[in-house]
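One structure is given below, encoded as structure tokens.
This chain uses plain numbering: 1 for the first residue, then up along the sequence.
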Amino acid sequence: MTESERRWSRRPEGSNWGDFGPDDQIGRLNFITPAHRIKAAEEVREGLAFCLSLPLDCPRDQLNPRRFPPELMFSMRGEDPVSNYPYDLVFPGMSEVVNDDRATLSLQYSTQWDALCHMGQLFDADGDGEPEIVYYNGHRAHEHVCGPVDYLHGRAPLDAPYGAMALGIERIAETGMQTRGVMIDLFAHVGLLAVPVGYEALMRILEADRVEVEPGDALCFRTGFDRALLARYADPNAPFDPHCCSGLDSFDERLLKWIDDCGAAALVSDNEAVEMTPGFARENAHGIRVPLHNLCLFKLGIPLGELFLLSDLADWLRAAGRNRFLFTAPPLRLP
């Protein structure tokens, strides 16, 4: 019995579980081949670099109630704070002075990648009529993605190591996360408005801007929300509407099919979730309220980048009549 057969006997409709091998943990990042990286490198002409990350303590406003801004603190050496710390205290005669710091981070507060273990589903992968918590490629809760509580059995406490034993963010980091980026400038066409962009609208945008997408590309959707966040970051009194930006209409089935068919390796946006999630009040026929996350993270193994800083690069590309670039954005290699 293969590893994949041990984990699942049926896979979700429209998924690619097993297509990259029974032990695969990086999904469509497998499309980023050496040949595709060479194509990406050929996009470098001017040698310019653009930062794609917001400050780690941005946004100024807490967008998600379970994600908190970083708490910064100095490190300690015994009872002494290592802040303007003279080494002469422990090594008499030394003249060096040092600062060391530590931070407590909610890893999805600012610019972030969603690992493939970020969202799973209650799904009958065994085919026995009983759904279980599973993740991309059939990886299991409490075996591959471990937490302190078993919610399906009365919140039973679990005595197991905490963390992702598979599908963790370090798997993405290990790839280098370097490929060809393709900028899709939603802001240039719909402005900073809460517009759900479905298949028809996206196809018009791609045609108008002469955007071509190939397997292995990272698609970057610029909405302009990054600049709204930075304006509020610079001035706490600046007007700010956390819901005023566009995003993908993930309830448009044709759009989801296009994402599957186009072969994109990753989807990135400067908004909060890539897709629009108005109050999580809508769900599809399968009880899914974030269909794009479900398709990408659970079914296809497509990492999602959120709250990226895209506008500076998008403006430069538009002025230069371009939309492709070398995209390098590995997450922290944190197991």
Side-chain angles (χ1 to χ4, degrees), residues 28 31-32 36-53 111 177-230 244-276 292 295-296 302-329:
R28 289 256 283 254
F31 286 170
I32 304 176
H36 197 71
R37 290 192 187 96
I38 291 172
K39 288 183 180 180
E42 291 171 350
E43 298 295 335
V44 178
R45 303 170 196 171
E46 287 82 1
L48 301 176
F50 290 83
C51 177
L52 300 182
S53 177
T111 301
M177 201 57 225
Q178 185 174 64
T179 186
R180 183 172 57 201
V182 176
M183 187 65 69
I184 300 175
D185 196 347
L186 304 184
F187 174 79
H189 294 268
V190 304
L192 189 63
L193 297 172
V195 176
V197 177
Y199 175 80
E200 292 289 350
L202 180 61
M203 292 304 106
R204 289 195 296 269
I205 290 171
L206 298 184
E207 181 178 6
D209 291 347
R210 299 185 299 278
V211 176
E212 296 182 1
V213 176
E214 298 179 32
D217 288 344
L219 307 188
C220 297
F221 297 91
R222 183 260 192 121
T223 73
F225 192 57
D226 53 353
R227 286 195 174 147
L229 291 174
L230 288 174
C244 192
C245 68
S246 61
L248 297 184
D249 181 2
S250 56
F251 289 91
D252 185 334
E253 293 293 338
R254 290 185 300 169
L255 176 64
L256 297 183
K257 185 177 187 305
W258 178 82
I259 290 170
D260 186 0
D261 292 343
C262 76
L267 303 185
V268 175
S269 180
D270 59 0
N271 69 12
E272 190 178 3
V274 185
E275 63 186 309
M276 294 195 71
L292 183 70
L295 174 73
C296 292
I302 300 176
L304 298 176
E306 300 167 347
L307 296 174
F308 271 59
L309 176 57
L310 298 179
S311 285
D312 292 347
L313 173 60
D315 284 347
W316 186 90
L317 288 169
R318 180 165 289 275
R322 296 173 56 181
N323 50 58
R324 291 181 169 188
F325 56 97
L326 174 62
F327 177 82
T328 305

query = Quick one: are Leu52 and Val268 in side-chain contact, heavy atoms under 4.5 Å?
reply = no
task = May I ask you to test the Leu317-Phe50 pair for a side-chain heavy-atom distance under 4.5 Å?
result = no
request  = Calculate, to the nearest 0.5 Å, the distance between atoms CG and CG belonging to Leu186 and Leu248 respectively.
outcome  = 6.5 Å
key: Ile205 side chain reached by Val211 side chain, heavy atoms, under 4.5 Å   = no
task = Specify the closest pair of heavy atoms between Ala273 and Asn271, including all atoms of both residues, with the distance to one decimal.
result = N-OD1, 3.2 Å
ask   = Looking only at atom types and distance, does a side-chain atom of Ser53 sit under 3.5 Å from a main-chain N or O of Thr111, one as donor and one as acceptor?
value = no
Nearest atoms (heavy-atom pairs only) where Gln178 meets Thr328 = NE2-OG1, 2.7 Å
key: Asp249 bridged to Arg254 by N-O distance under 4.0 Å   = no
key: Side chain to side chain, Cys296 and Val274, heavy atoms closer than 4.5 Å   = no
note = The ring pair (Phe, Tyr, Trp, His ring centres under 6.0 Å) partners of Phe225 (sequence neighbours excluded) come to Phe240
request  = Could you grab the distance from atom CZ of Phe308 to atom SG of Cys220, nearest 0.5 Å is fine?
outcome  = 7.5 Å
note = To the nearest 0.5 Å, atom CG of Leu310 lies from atom CD1 of Ile184 at 11.0 Å
key: Pairs involving residues 215-227, ordered by first then second residue, that meet side chain to side chain donor-acceptor pair (under 3.5 Å) (sequence neighbours left out)   = His36-Asp217, Arg180-Asp217, Asp185-Arg222, Arg222-Ser311, Arg222-Asp315, Thr223-Asp270, Asp226-Ser311, Arg227-Asp312, Arg227-Asp315
message = For a quick test of reading the model, state the closest non-hydrogen atom pair linking Cys244 to Leu193 and the distance between them.
response = SG-CA, 4.1 Å
inquiry  = Looking at every non-hydrogen atom in both residues, tell me the closest pair between Ile302 and Ala266 and how far apart they are.
reply    = CG2-CA, 3.7 Å
query = Going from OG on Ser250 to CD1 on Ile259, what distance comes out if it is rounded to the nearest 0.5 angstrom?
reply = 8.5 Å
key: Closest non-hydrogen atom pair, Cys245 against Met276   = O-CE, 3.7 Å
Donor-acceptor pairs are to be reported for all side-chain atoms of residues 319-326 against protein atoms at under 3.5 Å, with residues two or more places apart or in another chain.
unit_1: Arg322; atom_1: NH1; unit_2: Glu46; atom_2: OE1; d: 3.0
unit_1: Arg322; atom_1: NH2; unit_2: Glu43; atom_2: O; d: 2.6
unit_1: Asn323; atom_1: ND2; unit_2: Asp209; atom_2: O; d: 3.2
unit_1: Asn323; atom_1: ND2; unit_2: Arg210; atom_2: O; d: 3.3
unit_1: Arg324; atom_1: NH2; unit_2: Glu212; atom_2: O; d: 3.3
unit_1: Arg324; atom_1: NH2; unit_2: Glu214; atom_2: OE2; d: 3.2

key: Nearest atoms (heavy-atom pairs only) where Val197 meets Leu202   = CG1-N, 3.8 Å
task = State whether the number of non-hydrogen atoms from other residues, nucleotides or ligands found under 6.0 Å of Phe251 atom CZ is greater than 12.
result = yes
